[in-house]
Participant: 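Quick one: structure below, then a few questions.
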Amino acid sequence: MKIHAAVARAPHTPFSLERLDLEEPREGEILVRVVATGVCHTDIVMRDQHLPVPQPVVLGHEGAGIVERVGPGVAKVKPGDHVVMTFNSCGHCPSCNDHQETYCHEFFPRNFFGARADGSSGLSCEGVRVHGNIFGQSSFASHALCHERNIVKVPEDADLALLGPLACGIQTGAGAVMNALKVEPGKVLAVFGMGSVGLAAVMAARIVGASRIIAVDVNETRLALAAELGATDIVNGKASDAVAAIMALTGAGVDYSIDASGVPAVIDQCVRVLAPRGTCGIVGASPHGATLTLDLTHILSGGRRVRGIVEGDSNPDVLIPLLIDLHRQGRFPFDRLITFYDFADINQAVEDSEKGIVLKPVVRQPAV
């Protein structure tokens, strides 16, 4: 079938809007008519080859839409179901067997290699291969092929145009608090970086009952929004020494910290503000090969921990419906992070994201 898609053909250049051929769904695959897709920093990283994703490629990994057709063997959804497409996993490695799919041993091949597990792509342009299957979906397109393992059925009365970011960025921030760190009521959390991931963490921390939620950024507008969404304290890292400010607020430091920036110098600050037995969770994507130098005595003497967190340690079939329900209750207003663009304006959406003009751009397909 013919579809419309945004194709990345070279680093640091705009997406090319093209008509492509998309194969029919194979065994275990699901054809989804995309309603809307979130634009994530990881899409920009892949476009610009900071992660070596093959090109030409259709990116997009925060898709939401309606099932049109299913391949043989699919039992999870049927045509007409409303779905969110999230990260992919293999289903048979030790991590998947332990229900820890975010640490799938094949996470990179299944999500970043631009091909199905057998090496094929469902996309082509005039007979020439275009790489697809990014995060098991490649949803910067009017239609996407995904898999039972990375599809989440959602209520039909939920606004599909809003739901795509739950697949990655929002899930990552909320899951870091709820699943990975398991922040307890009465504990103190500092979040560094008030993009969509960090703000999702702030909202989740309020839900779980953290007594103090410290938001750190250099953008006053984002800090003001963080305060509206649940931060009890804000720290401008440009106007003051963030570590000194947090220690002045807390005395002993924080029980948990989250880095959503991916900047090694900021991660160091996240670790330095930990109280004894505190844990730092790293969710921000750093450049490939980036390294981190830490004060090992500080870590050892206080029993402090530093850990990476992928996709919020999420089971998407559980967390995404939960976040939708919390949004309905008015307790998780992630819609305040979203700015909509027409799909034809995807390059403007990406540019605005890179410049920090918007928090979470979402590109919407034309109504059918």
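When a residue number appears, it is its place in the shown sequence, counting from 1. Just the heavy atoms: all of them, side chains too, but no hydrogens, waters or symmetry mates, feed the values below.
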Participant: Determine the interplanar angle of the F112 and F135 rings, folded into 0 to 90°, and report it as parallel if under 30°, tilted if 30 to 60°, perpendicular if over 60°.
Facilitator: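 F112 and F135: perpendicular rings.
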
Participant: For the atom pair OG (S142) and CD1 (I3), what is the distance rounded to the nearest 0.5 Å?
Facilitator: 5.0 Å

Participant: What ring pair (Phe, Tyr, Trp, His ring centres under 6.0 Å) pairs are there with at least one residue in residues 310-331, not counting sequence neighbours?
Facilitator: H327-F334

Participant: Does anything in residues 358-368 pair up under side-chain hydrogen bond (donor to acceptor under 3.5 Å, both in side chains), and if so which pairs, sequence neighbours excluded?
Facilitator: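 Sorted result for residues 358-368: E62-K360.
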
Participant: Could you report the tightest heavy-atom contact between A210 and I213, atom names first, then the distance?
Facilitator: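 The answer is CB-CG1, 3.9 Å.
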
Participant: Does any pair with a residue in residues 157-168 pass salt bridge (Lys or Arg N to Asp or Glu O under 4.0 Å), and if so which ones, sequence neighbours excluded?
Facilitator: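 Checked against salt bridge (Lys or Arg N to Asp or Glu O under 4.0 Å) - neighbours excluded - the pairs reaching residues 157-168 are D157-R328.
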
Participant: Determine whether more than 12 heavy atoms belonging to other residues, nucleotides or ligands lie under 6.0 Å from atom CD of Q329.
Facilitator: yes

Participant: Please say whether more than 12 non-hydrogen atoms of neighbouring residues, nucleotides or ligands are located less than 6.0 Å from NE2 in H12.
Facilitator: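 Atom NE2 in H12 is packed in, count exceeds 12.
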
Participant: Please, which pairs that meet salt bridge (Lys or Arg N to Asp or Glu O under 4.0 Å) have at least one residue in residues 263-288, sequence neighbours excluded?
Facilitator: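 Residue pairs passing salt bridge (Lys or Arg N to Asp or Glu O under 4.0 Å), neighbours aside: D268-R272.
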
Participant: Just grab all the side-chain hydrogen bond (donor to acceptor under 3.5 Å, both in side chains) pairs involving residues 278-287, residues at least two apart or on different chains.
Facilitator: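 Those involving residues 278-287 are T279-R305.
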
Participant: Return each pair, listed once, that meets ring pair (Phe, Tyr, Trp, His ring centres under 6.0 Å) where at least one residue sits in residues 139-186; pairs must be two or more places apart or across chains.
Facilitator: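 Matches after skipping sequence neighbours: F15-F140.
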
Participant: Show every salt bridge (Lys or Arg N to Asp or Glu O under 4.0 Å) that has at least one partner inside residues 34-58, sequence neighbours left out.
Facilitator: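 As it turns out, the salt bridge (Lys or Arg N to Asp or Glu O under 4.0 Å) pairs with a partner in residues 34-58, which skip direct neighbours, are R47-E354.
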
Participant: Sort and list the pairs that fulfil side-chain hydrogen bond (donor to acceptor under 3.5 Å, both in side chains) and have at least one residue in residues 208-219, not counting sequence neighbours.
Facilitator: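 Non-adjacent pairs meeting side-chain hydrogen bond (donor to acceptor under 3.5 Å, both in side chains): R212-D233.
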
Participant: What heavy-atom pair brings A6 and L17 nearest, and what distance separates the two atoms?
Facilitator: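 The answer is CB-CD2, 3.9 Å.
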
Participant: Count the heavy atoms of every other residue, nucleotide or ligand shown that sit under 6.0 Å from NZ of K238, and state whether that count exceeds 12.
Facilitator: no

Participant: If you link I, L, V, M, F, W and Y whenever their side-chain heavy atoms are under 4.5 Å apart, who else ends up in the same group as V83?
Facilitator: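 ILVMFWY cluster around V83 also holds I30, V32, V34, V67, V70, V74, V77, M85, I151.
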
Participant: So which atom in R69 and which in M1 form the shortest heavy-atom distance, rounded to 0.1 Å?
Facilitator: NH2-SD, 3.7 Å

Participant: Enumerate the residue pairs fulfilling side-chain hydrogen bond (donor to acceptor under 3.5 Å, both in side chains) with a member in residues 89-98, sequence neighbours excluded, ordered by first and then second residue.
Facilitator: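 As it turns out, the side-chain hydrogen bond (donor to acceptor under 3.5 Å, both in side chains) pairs with a partner in residues 89-98, which skip direct neighbours, are S89-R149.
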
Participant: Rounded to the nearest 0.5 Å, what separation is found between the OG atom of S261 and the CE atom of M194?
Facilitator: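 Output value for this atom pair is 10.0 Å.
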
Participant: Any ion pair linking E23 and R116 (charged N to carboxylate O, less than 4.0 Å)?
Facilitator: yes

Participant: What ring pair (Phe, Tyr, Trp, His ring centres under 6.0 Å) pairs are there with at least one residue in residues 192-212, not counting sequence neighbours?
Facilitator: none

Participant: Verify the distance criterion only: is there a donor paired with an acceptor across the side chains of N347 and E351 at less than 3.5 Å?
Facilitator: no

Participant: Please list all pairs passing the salt bridge (Lys or Arg N to Asp or Glu O under 4.0 Å) test where one or both residues lie in residues 286-299, with sequence neighbours left out.
Facilitator: none

